[in-house]
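Whatever order the structure lists them in is the order used to number ligands and atoms, beginning at 1.
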Amino acid sequence: MVLGTQWGDEGKGRIVDLIASRTDLVVRYQGGNNAGHTIVTDGKKIILHHVPSGILRENSLSLIGNGVVIDPKVLVAEIDALRSAGYPVSPSNFLISERAHVIMPYHREIDLLREKRRASGRKIGTTGRGIGPVYEDKYARRGIRMLDLTEPEAFRNRLVSVMAERNAYIEKVLGAESLDPERVYEEYVGYGEVLRPFISDVSAIVRRSGDEGKRILFEGAQGSLLDIDFGTYPYVTSSNAGLGGVFSGTGAVPALISSIVGVAKAYTTRVGEGPFPTEESGEIQDALRREGEEYGATTGRSRRCGWLDGVALNYALRTNGVTAIALTKLDVLSGFEKVKICTGYGYNGSVTKEFPASLSVLESCEPSYEEMDGWDEDLAGIKSAEHLPPNALRFVKRVEELTGVPVWIVSVGPQRDMYLELRDCVVSR
Ligand code: IMP
């Protein structure tokens with residue numbers, strides 16, 4: 001299993017891409033097209049929002065689990081884009097759960113209208129993709145599932161009754177114009193036609209593959225600090241981005257999970273609003289953003305940047321039972337005279353190493369830092385630990401000491417092959 005240990009954008013896509021070359025199946029378990037995985041392959045940049053990045057590997061089956069929410073319009077466009085980039089997508093290498101919920105136009109509308117109405121300082125900074133409203137409908141038992149799109153008569157009836165309620169909310173509470181159910185029906189039943197061959201019982205495939213001893217990679221989106229339960233609530237996404245999501249979101253059982261890889265960037269970023277104790281301003285933030293190209297893959301927004309937060313990282317490792325760390329973008333720290341890791345939060349005269357649930361504590365705590373000497377060398381092309389500059393290796397070792405979790409892999413550049421494996425502890429070739 002691969003999951004993010006920060007606020008998303010840790011570089012999960014490339015770690016998934018790498019592990020996918022050693023597994024038979026890749027299964028995504030939550031989130032929707034709020035995620036964006038950027039993968040650089042043969043000098044080409046591909047951004048995937050729905051389709052698991054395993055699709056780029058031959059002989060790998062990519063699945064979208066029932067915990068994912070799907071915008072069919074985006075998915076259809078993504079399949080077309082992959083095909084025109086030379087990656088064949090067909091039901092033999094890509095399937096979608098019949099139980100996955102569908103992001104409908106009114107979900108996007110509600111998401112955008114609500115964000116617009118929220119007073120400044122109270123905005124969540126959502127991606128505007130309808131994620132909150134679609135999960136809300138799922139739990140309110142008025143959702144539309146992928147399967148529904150393929151059963152026109154029942155779909156129409158359900159849509160009409162759901163939209164009567166959602167339209168009333170849009171008009172009376174949000175003060176906007178309602179949407180026409182007939183037009184929505186026509187459009188979405190069309191997506192149902194196109195996607196029908198891909199719609200399947202994914203949980204059954206997962207279980208069967210497990211029984212057959214196939215190697216399965218479960219891919220998380222966002223990061224565990226955006227998890228609806230363990231994240232910085234309410235500045236979170238609306239699904240379980242962490243460990244729990246894999247079970248409810250795919251039908252996997254615990255015995256199927258042998259390793260949990262926590263992806264952590266060598267520094268920290270966040271898009272959208274919400275507390276971020278190690279956020280920097282000025283030159284450090286600018287340099288991290290520039291060198292790390294920290295702009296959102298989905299919305300293009302500038303990411304907020306700061307030093308590695310060891311307190312938040314330890315919390316994420318603990319709540320997800322992470323067995324190995326994938327440390328990404330170490331190369332971005334090249335050129336800093338000093339690099340820092342936060343090892344505690346100062347609040348009310350004392351220092352804590354526990355990640356607080358309280359927003360006000362998180363917003364006002366003072367990070368305490370350990371400072372280390374930096375390095376200047378370009379790390380791209382380094383393939384083994386002994387070739388790393390000593391200070392860069394010291395940084396990696398310090399992450400292991402502070403967390404008690406082994407670092408399995410370190411990425412040192414944007415290309416697929418720019419990484420080094422420090423140990424063999426996760427997935428052997
Ligand atoms: P939503 O998921 O669009 O509702 O947005 C909720 C919060 O999660 C916002 O702060 C978003 O910026 C953040 N978010 C959602 N998806 C991602 C992601 O894939 N990477 C980073 N942040 C994300």
Consider every N or O of [X] and every N or O of ligand 1, then say whether any pair is closer than 3.5 Å.
X: R270; result: no
X: N34; result: yes
X: E273; result: no
X: Q222; result: yes
X: D9; result: yes

Ignoring hydrogens and geometry, is there a side-chain-to-backbone donor-acceptor pair from R83 to V89 under 3.5 Å?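 Such a contact is found between R83 side chain and V89 backbone.
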Atoms of ligand 1, numbered as shown, that sit under 4.0 Å from any heavy atom of [X]:
X: L226; answer: 8 (O), 13 (C), 14 (N), 22 (N), 23 (C)
X: W7; answer: 21 (C), 22 (N)
X: G125; answer: 9 (C), 10 (O), 11 (C), 12 (O)
X: I124; answer: 10 (O)
X: A35; answer: 19 (O)

Check this for me: E401, atom CD, are more than 12 non-hydrogen atoms of other residues, nucleotides or ligands nearer than 6.0 Å?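 Result for CD/E401: enclosed.
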Residue portion contacting ligand 1 (non-hydrogen atoms closer than 4.0 Å) for V236: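 Backbone only; the side chain of V236 stays clear of ligand 1.
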Taking atom types as modelled and ignoring hydrogens, do the side chains of S203 and D201 form a donor-acceptor contact shorter than 3.5 angstrom?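 There is such a pair between these side chains.
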Side chains of T403 and N314: is there a donor and an acceptor less than 3.5 Å apart?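 Absent: no donor and acceptor within the cut-off.
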Nearest 0.5 Å, please: how far is CG in L48 from CG in L56?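 The CG atom of L48 is 5.5 Å from CG of L56, to the nearest 0.5 Å.
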